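As the structure is a prediction and not an experimental result, all values here were calculated from the model. The basis for the numbers below is simple: all heavy atoms, side chains too, and nothing from hydrogens, waters or symmetry mates.
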Amino acid sequence: MAPDSGPETLSGWAVRHPGPVASGPLASVRRPAPEPGPDDVLLKVEACGVCRTDLHLAEGDLPPHHPSTVPGHEIVGRVTAAGAAVTRFRAGDRVGGAWLRGTCGICRYCRAGHENLCPASVYTGWDADGGFAEAVLVPADYAYPLPETEDATLLAPLLCAGIIGYRALRRSALPAGGRLGIYGFGASAHLAAQVALAEGATVHVLTRSAQARELALELGASSAGAAYDRPPEPLDSAILFAPVGDLVPVVLEALDRSGTLAVAGIHLSDIPPLTYQRHLFYERNLCSVTSNTREDGREFLATAARIGIQVTVSRYPLSRAPEALADLAADRVHGAAVLTPG
């Protein structure tokens, strides 16, 4: 991108040199304000959540699709300009931008309602600049209308942490009134847990963070233990939010017969060898979660409003984005980290 060329510029953060957070992978940038294409809306960012995917991109676990990309895909903003073909939104509307940014619409996955598996799918903050900035372009067809009166910082985590947690919950095949284990209890997990509890599940949380265990119990979990502990009862379903492959066999052993483990992260460290009799027999199921569909997003946002979901956030000004990433890497974030410009 060109350097600052005048008043029509915006500031933000880009991943210049992917590597450990301590090496400073984020660089402060100033770029020309983008112009919306015919199908885009330009948003003035009110808040942007900090997702673990942003951390994976910054540290190089996810190879950058473009050099010097601005991360961030849990975006709440106000429309300041709209492309000529946009009819869903107008200037002043509050809109959410999320991870899934575009799909082809014609492949067999898109036609079957599985657009999250589209080989041509593209993502905000990976394939195009995201919300760690003062303004961002979002394709209107992949944006979500948001409530006008809610705190923007409380809405932001819903746009990815909430949506992905919701899809992971559905992928875990949790039966009615079932026993759910949640491994790792950050932004996504603390939202998915509330949906499961509202649907009548018993929830057991296992995570290394003592502060996160306290939050889990406050939200209604029946138990909260350390990550490698055994839950107090066999699990019908489990979701692994922690990006730790070593936990996969631990969780599989905690499942009851026919139980399902859904691995929710876009990145996972290597899984150690599994033993068929010990980890998979009795029809235990292991599945992954890949992005989400727009229908997942619509369903989750409606569910969140209906159950009055509580969002726990740690707030950071945009100027402290590197600190937010470092705190996320060190498990110092309480709930979800959210950046606010200005």
Side-chain angles (χ1 to χ4, degrees), residues 1 8-15 29 31-51 53-54 57 65-66 68-105 110 115-116 118 120-148 150 152-164 291-298 300-301 304 318 321 336 338-342:
M1 286 282 185
E8 295 301 316
T9 62
L10 60 90
S11 61
W13 295 89
V15 179
V29 294
R31 296 178 174 178
E35 293 287 337
D39 300 309
D40 297 329
V41 288
L42 177 63
L43 304 183
K44 181 180 180 182
V45 176
E46 293 182 289
C48 183
V50 181
C51 179
T53 300
D54 301 319
L57 180 68
H65 284 178
H66 294 285
S68 201
T69 301
V70 175
H73 54 271
E74 298 178 337
I75 304 161
V76 178
R78 296 279 182 181
V79 176
T80 59
V86 175
T87 58
R88 295 181 65 213
F89 304 109
R90 61 183 180 180
D93 285 349
R94 179 179 261 180
V95 170
W99 177 236
L100 185 67
R101 185 182 184 86
T103 57
C104 73
C110 288
E115 64 181 3
N116 60 306
C118 174
S121 57
V122 291
Y123 301 95
T124 305
W126 197 16
D127 294 285
D129 286 345
F132 283 25
E134 295 173 314
V136 64
L137 286 178
V138 175
D141 285 347
Y142 291 81
Y144 299 92
L146 294 176
E148 294 290 328
E150 298 293 332
T153 60
L154 300 181
L155 290 173
L158 303 182
L159 274 306
C160 180
I163 295 172
I164 283 294
S291 185
N292 62 273
T293 67
R294 283 171 286 179
E295 184 60 25
D296 292 326
R298 290 186 285 266
F300 169 71
L301 291 172
L318 179 62
V338 180
L339 303 175
T340 53

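Two residues are said to be in side-chain contact when any heavy atoms from C-beta on lie closer than 4.5 Å; Leu158 and Ile163 fail this criterion. Residues Pro34 and Leu42 have side chains in contact (heavy-atom distance under 4.5 Å, counting atoms from C-beta outward). Side chains of Leu339 and Val45 form no contact here, defined as non-hydrogen atoms less than 4.5 Å apart. Side-chain atoms of Thr153 and Thr340, non-hydrogen and from C-beta on, do get closer than 4.5 Å to each other. Using a 4.5 Å heavy-atom threshold, the side chains of Tyr123 and Ser291 count as touching.
Taking OG1 of Thr9 as the reference point, atom CZ of Arg31 lies at 12.0 Å (rounded to 0.5 Å). Expressed to the nearest 0.5 Å, how far SG of Cys51 lies from CG of Leu159 amounts to 11.0 Å. The CG atom of Asp296 sits 10.5 Å away from the CG atom of Leu301 when rounded to the nearest 0.5 Å. Taking NZ of Lys44 as the reference point, atom CG of Leu10 lies at 12.0 Å (rounded to 0.5 Å). Atom OG of Ser121 is separated from atom CG of Asp127 by 8.0 Å, given to the nearest 0.5 angstrom. Taken from SG in Cys48 to CG in Leu318, the straight-line distance is 8.5 Å, to the nearest 0.5 Å.
Closest of all the heavy-atom pairs between Val86 and Val41 is CG1-CG1, 4.0 Å. Considering every non-hydrogen atom in both Val136 and Gly131, the closest pair reads CG2-N, 4.4 Å. Nearest heavy-atom pair, Arg88 versus Pro145, reported as atom, atom and distance to 0.1 Å: NH2-CD, 3.7 Å. Closest approach of Ala140 and Phe89 over heavy atoms only: O-CE1, 3.5 Å. Scanning all heavy atoms of the two residues, the minimum distance from Cys110 to Gly105 falls at SG-N, 3.3 Å. For the pair Leu100 and Thr103, the tightest heavy-atom approach, listed with the atom from each and the gap, is CD1-CG2, 4.0 Å.
Residues passing the side chain to side chain contact (heavy atoms under 4.5 Å, CB included) test with Ala85, sequence neighbours excluded: Pro38, Asp39. Not a single side chain to side chain donor-acceptor pair (under 3.5 Å) links Asp141 to another residue, sequence neighbours left out.
Neither side chain, Thr293 nor Glu115, offers a donor N or O lying under 3.5 Å from an acceptor on the other.
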Original post:
Given the rule in the side chain to side chain contact (heavy atoms under 4.5 Å, CB included) test, do Thr69 and Val15 qualify, once you have shown the distances and angles that lead to the verdict?
Top reply: CA-CA 6 Å; Thr69 301; Val15 179; 5.6 Å; no

**OP:** Evaluate the criterion salt bridge (charged side-chain N to carboxylate O under 4.0 Å, His left out) for residue pair Glu46 and Arg94; output intermediate values, then yes/no.
**Re:** CA-CA 9 Å; Glu46 293 182 289; Arg94 179 179 261 180; 3.0 Å; yes

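Around CD of Glu295, the count of heavy atoms belonging to other residues, nucleotides or ligands within 6.0 Å exceeds 12.
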Can you give each donor-acceptor pair under 3.5 Å made by side-chain atoms of residues 70-77, sequence neighbours left out, with the distance rounded to 0.1 Å?
residue	atom	partner	partner atom	Å
His73	ND1	Asp54	OD1	3.4
Glu74	OE2	Ala161	N	2.9

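Remark: Arg294 qualifies as a cation-pi partner of Tyr142 under the 6.0 Å distance and 45° angle criteria applied to the six-membered ring.
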